Peer 1: 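Next up is a structure, given as structure tokens.
All residue numbers in this chain count up from 1 along the given sequence. If you're wondering where the values come from, they're calculated on a predicted model, not measured in any experiment.
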Amino acid sequence: MTRTEIKNILLNSLDNAKEASGGKQVICRCHLPGCDDTKQHLYIGRFDSSDEPLFYNCFKCHQSGIINKNFFDMYDWNSIDNNIINDIS
């Protein structure tokens with residue numbers, strides 16, 4: 001799965017998600033445990049030609065890390081198929 005495909009899945013699966021940083025990141029509301037984000041403080045990226053792993057960072061609750069199965073479990077996503085989550089991870 002390409003980074004562009006992953007970005008499109010996230011944009012279509014997250015509430016009010018949009019591109020940020022010139023398309024290099026996706027920004028959305030944070031639903032991580034303990035976060036009371038009412039706006040869009042969760043950044044997910046790096047959607048470019050980098051070999052770096054995808055990361056997340058919430059500027060509200062300051063949780064951050066690499067996008068993996070644990071992230072999806074914490075986020076409690078029901079709208080993304082488990083097979084796709086495994087591919088992204």
Peer 1: Check whether Lys7 reaches the backbone of Glu19 with its side chain - one donor and one acceptor, N or O, closer than 3.5 Å.
Peer 2: no

Peer 1: What is the minimum heavy-atom distance between Asp37 and Cys30, and which atoms define it?
Peer 2: OD2-N, 2.9 Å

Peer 1: Quick one: CG on Asn8 to OG on Ser13, what's the gap to the nearest 0.5 Å?
Peer 2: 10.0 Å

Peer 1: Taking Ser49's backbone N and O only, do any of them form a donor-acceptor pair with Arg3's side chain (distance below 3.5 Å, no angle check)?
Peer 2: no

Peer 1: Restricting to side chain to side chain donor-acceptor pair (under 3.5 Å), what partner residues turn up for Asn57, sequence neighbours left out?
Peer 2: none

Peer 1: Out of curiosity, does Leu11 fall in the hydrophobic cluster containing Tyr43 (side-chain heavy atoms, cut-off under 4.5 Å, transitive links)?
Peer 2: no

Peer 1: Would you say that Lys39 contacts Lys60 through its side chain, given a criterion of any heavy-atom pair below 4.5 Å between the two side chains?
Peer 2: no

Peer 1: State the CG-CZ distance between Leu42 and Arg29, to the nearest 0.5 angstrom.
Peer 2: 11.0 Å

Peer 1: Linking I/L/V/M/F/W/Y whenever their side-chain heavy atoms sit closer than 4.5 Å, directly or via other members, would Phe55 and Phe71 fall into one cluster?
Peer 2: no

Peer 1: Which of these, Thr4, Thr2, Leu10, sits in a side-chain contact (heavy atoms from CB on, under 4.5 Å) with Ile6?
Peer 2: Leu10

Peer 1: Quick one: pull up NE2 in His41 and CG in Asp36 and give me the separation to the nearest 0.5 Å.
Peer 2: 9.5 Å

Peer 1: Give the minimum heavy-atom separation between Gln40 and Ile27, together with the two atoms involved.
Peer 2: O-CD1, 3.2 Å

Peer 1: Write down the atom of Val26, the atom of Ala17, and the distance for their closest heavy-atom approach.
Peer 2: CG1-CB, 4.1 Å

Peer 1: To the nearest 0.5 Å, what is the distance between SG on Cys61 and NE2 on His31?
Peer 2: 11.5 Å

Peer 1: Quick check: are there more than 12 heavy atoms from other residues, nucleotides or ligands sitting under 6.0 Å from CD1 of Ile66?
Peer 2: no

